[in-house]
Amino acid sequence: MPIYIDNKKLLFHIQGKDTSYVMQVIKDGYLSHLYWGKRINKYRGSNKMIYVDRVFSPNPNMSDRTFSLDTIPQEYASFGNGDYRLPAYQVETKDGATITDLRFKNYKVYKGKPKLKGLPSIYAEKNDEVTTLEITLTDDLINLEVILKFSILEEFDVISKSVEFKNNGSEDLKLLKALSLSLDFRESDFDLITLYGTHLNEKNISRRKIVPGIQKVESSRGASSPQQAPFLSLVRSNTTEDTGEVFAFNFIYSGNFTAEVQVDSYENTRVGMGINPFNFSWLLKPSETFQTPEAVMVYTSQGLNDMSHKFHNLYMNRLSRGKFRDRLRPILINNWEATYFDFTEDKILRIVEEAKNLGMELFVLDDGWFGKRDNSRTSLGDWTVNEDKLPNGLHSLVENVRSKGMEFGIWFEPEMVSVDSDLYRKHPDWCIQVTNRPHTFGRNQLVLDLSQKEVCDYIIQSISTILSSAAITYVKWDMNRHLTDVGSVNLPSNRQRETEHRYILGLYRILEELNTRFPNVLFENCSSGGGRFDAGMLYYMPQTWTSDNTDAISRLKIQYGTSIVYPPLTMGAHVSSVPNHQVGRSTPLDTRAQVAMSGNLGYELDLTSLSIEEKNELIKQIDYYKEIRSTIQFGTFYRILSPFESNEAAWCFVSKDQAEVVVNYFKILSQPSSPIKTLKIKGLNKRYLYKNRYTNEVFGGDELMNAGISLPIKNHDFSATTFHFIKYNSED
Ligand code: DGJ
């Protein structure tokens, strides 16, 4: 068992392949956090707490001025009895008090990992690959039970954590804060890494030294958001991509979150992650339970690439699900940037014809195919075919596309409603709103109230009707605005602050149901690009449209930043036309392709207006991608040069058996008298020989990793260079 328990000392040691996490019940039944870091064979308490009397740190017991909750490292801290740091949770009792006190009650440990009802979570394929420890803490005065659930996937070397609250009393309780994890480090010498951005500019990397006080990232937008990601890591100041300690946290949730770090006066650091307590509460009636979403913790002593590998490996194999989890993803053509709302059936079929001839595999019909949808002001919610544009109906179009040898996919934005829609005219009370307050609009639309069951049922029904009406094998699920005027006509006043979490629970129910009904449909998550690119959505949709920004140079940063947590397999990446529609930049077609081929390749441009030369180039790109696709999509991704730090970017993809590597190097602006550079490839087998697929030169893996490969000088801006090496056996 990777969880060792000393029953006498009430000491819990969770052990992964390279990680140890240790807690102990200390004086008066408090649960203390003792260690998280590199694997320890047996924990004997060498770093034991030194108790000292600290002025202004209150004591639960008058007889011991050295014991204060304010100074002990805690595992799930309460509020109100001496610990002035950020609490992990807060509960209001019927009398209005908000003070609680959790003490150890019991624990259980078992093989396997139960599903979290209604929530996405890490799963095990076999019970023996995961061990779960549940530690129950109670506040006996108010009959509150809090179960901390830790699961260790030993081989994946990650710990997942969630918390369940139970009201065992006879009076209502109200949760005001309910984090999924909280823990204390007895040190504060860390840099904090977070991901931030906005529409068209997602997943920038921020790294700064932590300082005394609170630093946090959060969302209160109703979605995980492109503004801040539900991720943080604490790293040493000398941690690089390939060396040094990393303590990383990621939240498997798609709604409002907080990810907070607090450095106290004694150089301790508390980390908390969970549902954002701002504008949140949850009424817990007698005998009811509340399950928090799950958070994932990754430790490594080998730098950020290794941290990312652990997230990638876990999310590709034990979060992502269904038929497409292990399948090569299709090369698609999407008509959005080719036509926007302005298309005819004939135009679509001409694009499909070209796409097929170029080697593409899936056509995606984007926004504009339903209701009277000729612009963004109308028809969301009315999921019936627009017969002005598609006079022969959807079934006929799909059959036509399939007869040309292409699969068919379709766009929806199911969580939204236009005021100009039959749905809104019939059910104005079905959107998120506060009675008597005017609506606030985003992209001219309102958000449906997914906290209402019948609204979710309507979405399931209307999407199912379309998906059953034709042989559709792919869905792009969009979400183009955040929540405002948050409230639900369906909830009583003391439950209004539950609306946003109930919205996410409603969304997850819809997605679970559609996944079950349509196991042969590949769902792609989208929120104006990467606006809700999070681990929660990955449980239902194995890929995400990374950004609406299709400019290759912008994408270097966006894809590099996204890879910090999410694998290339999950990133939709398209070649579009130039000048680019988002930033006006013109980049070479080869560079656009190399960037898009670094993820899930697609095209999003008018194929009917390409020159013969361009078409020939596309044919070559697609052939090449088909050759390297399994290494790109299922290999190990290494970041080599960061576009955040210089005028260049580089990364490589190494197949699981290390027999193939694809290397991409990008130089943003061409330089006068350019220095001659070499690029050190990562992840190869030092004992293998590798043959360059283009030049037939043969080099050792150790040589490519240590001496590196010389980079050609290219005399133009936005250049791309790619290398493709295959393991070479001397008899070849
Ligand atoms: C936002 C998406 O990110 C785009 O790709 C496109 O689908 C539009 N919405 C359509 O409205």
Side-chain angles (χ1 to χ4, degrees), residues 201 203-207 238-243 303-305 549-561 563-564 573 575-580 582-599 613-614 617 620-621 624 628 637-654 661-684 690-725:
N201 187 16
K203 305 282 191 291
N204 288 276
I205 301 172
S206 158
R207 179 172 179 162
N238 60 358
T239 293
T240 67
E241 282 288 4
D242 305 303
T243 57
L304 291 163
N305 261 316
N549 189 342
T550 56
D551 166 55
I553 298 307
S554 311
R555 277 291 186 125
L556 294 177
K557 283 187 181 168
I558 294 169
Q559 292 174 204
Y560 192 98
S563 80
I564 291 285
V575 174
S576 61
S577 61
V578 290
N580 173 267
Q582 292 78 38
V583 299
R585 189 165 13 234
S586 290
T587 51
L589 183 50
D590 177 48
T591 303
R592 281 177 271 153
Q594 293 307 329
V595 174
M597 284 194 226
S598 299
E613 293 72 35
E614 286 170 322
E617 204 173 328
K620 282 200 203 122
Q621 292 168 1
Y624 173 60
I628 60 171
F637 177 74
Y638 290 84
R639 292 179 296 270
I640 305 178
L641 294 174
S642 168
F644 291 97
E645 285 161 21
S646 67
N647 186 31
E648 32 184 22
W651 48 62
C652 69
F653 302 82
V654 181
V661 58
V662 178
V663 187
N664 293 108
Y665 169 80
F666 303 96
K667 180 136 178 180
I668 299 172
L669 293 181
S670 138
Q671 261 177 292
S673 306
S674 185
I676 293 160
K677 289 203 171 175
T678 52
L679 184 71
K680 293 177 181 164
I681 302 174
K682 295 181 184 174
L684 301 182
Y690 291 90
K691 181 163 158 179
N692 186 322
R693 285 269 288 100
Y694 306 117
T695 63
N696 288 333
E697 292 166 293
V698 174
F699 306 110
D702 55 352
E703 191 182 355
L704 290 169
M705 289 192 291
N706 296 311
I709 178 116
S710 299
L711 293 166
I713 293 178
K714 296 195 173 170
N715 203 11
H716 59 88
D717 289 345
F718 318 130
S719 66
T721 301
T722 181
F723 300 96
H724 184 195
F725 289 99

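The figures that follow rest on heavy atoms only: side chains count, while hydrogens, waters and symmetry mates do not. Source: prediction; values computed, not measured.
S554 places a side-chain heavy atom less than 4.5 Å from the side chain of R585. T722 has its side chain within reach of Y694: a pair of non-hydrogen atoms, C-beta onward, lies under 4.5 Å apart. Within the 4.5 Å cutoff, side-chain heavy atoms of K691 are placed close to those of N696. Residues N201 and N549 form no side-chain contact, since every pair of their non-hydrogen atoms from C-beta on lies 4.5 Å or further apart. Side chains of M597 and V662 form no contact here, defined as non-hydrogen atoms less than 4.5 Å apart. T695 has its side chain out of reach of F723: every pair of non-hydrogen atoms, C-beta onward, lies at least 4.5 Å apart. Residues F653 and S598 are in side-chain contact: their nearest non-hydrogen atoms beyond the backbone lie under 4.5 Å apart.
By the side chain to side chain contact (heavy atoms under 4.5 Å, CB included) test, E617 is found to be paired with L589, D590, Q621, residues two or more places apart in sequence or in another chain being considered. Remark: D242 pairs with K682 by the salt bridge (Lys or Arg N to Asp or Glu O under 4.0 Å) rule, at least two apart or across chains. For K203, the side-chain hydrogen bond (donor to acceptor under 3.5 Å, both in side chains) criterion is met by no residue, not counting sequence neighbours. Qualifying side-chain hydrogen bond (donor to acceptor under 3.5 Å, both in side chains) partners for N580, counting only residues two or more places apart in sequence or in other chains: T550, Q582. With sequence neighbours excluded, the residues forming a side chain to side chain contact (heavy atoms under 4.5 Å, CB included) with T243 are T240, listed by chain and number. Considering only residues two or more places apart in sequence or on other chains, K557 meets the salt bridge (Lys or Arg N to Asp or Glu O under 4.0 Å) condition with none of them. Partners of Y624 under the ring-ring contact (aromatic ring centres under 6.0 Å, His included) rule, at least two apart in sequence or in another chain, are H724. Take F725 and apply the ring-ring contact (aromatic ring centres under 6.0 Å, His included) test, not counting sequence neighbours, and it matches no residue. For K677, the salt bridge (Lys or Arg N to Asp or Glu O under 4.0 Å) criterion is met by E648, not counting sequence neighbours.
Note that OG1 of T591 is 10.5 Å distant from CG of D551, once rounded to the nearest 0.5 Å. Once rounded to the nearest 0.5 Å, the distance linking CD1 of I668 with OG1 of T587 reads 12.0 Å. From N305, atom CG reaches atom CD1 of I564 across 8.0 Å, with rounding to the nearest 0.5 Å. Atoms OG and CG, from S670 and N647 in turn, are 9.0 Å apart once rounded to the nearest 0.5 Å. The CZ atom of R592 sits 7.0 Å away from atom OG of S577, with the distance rounded to the nearest 0.5 Å.
Summarising the geometry of R555 relative to V595, their closest heavy-atom pair is CB-CG1, 3.6 Å, with the distance given to 0.1 Å. Across every non-hydrogen atom of P579 and S586, the tightest pair is CA-OG, 3.6 Å. The two atoms that bring A596 and V575 nearest to each other are CB-CG2, 3.7 Å, heavy atoms only.
Not a single donor-acceptor pair under 3.5 Å links the side chain of Q594 to the backbone N or O of N664. Of the possible donor and acceptor atoms, none in the side chain of S674 sits under 3.5 Å from a partner among the backbone N and O of I713.
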Which donor-acceptor pairs under 3.5 Å do the side chains of residues 637-645 make with protein atoms, sequence neighbours left out?
| from | atom 1 | to | atom 2 | distance (Å) |
| --- | --- | --- | --- | --- |
| R639 | NE | E241 | OE1 | 3.2 |
| R639 | NE | E241 | OE2 | 2.7 |
| R639 | NH1 | S308 | OG | 3.0 |
| R639 | NH1 | S563 | O | 3.1 |
| R639 | NH1 | S563 | OG | 3.0 |
| R639 | NH2 | E241 | OE1 | 3.0 |
| R639 | NH2 | L304 | O | 3.1 |
| R639 | NH2 | S308 | OG | 2.8 |
| S642 | OG | F644 | N | 3.0 |

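Within the structure, the salt bridge (Lys or Arg N to Asp or Glu O under 4.0 Å) test picks out the following pairs touching residues 692-711 (sequence neighbours left out): E627-R693. Legend: side-chain hydrogen bond (donor to acceptor under 3.5 Å, both in side chains) pairs involving residues 704-720, not counting sequence neighbours, sorted by first then second residue: K714-T721.
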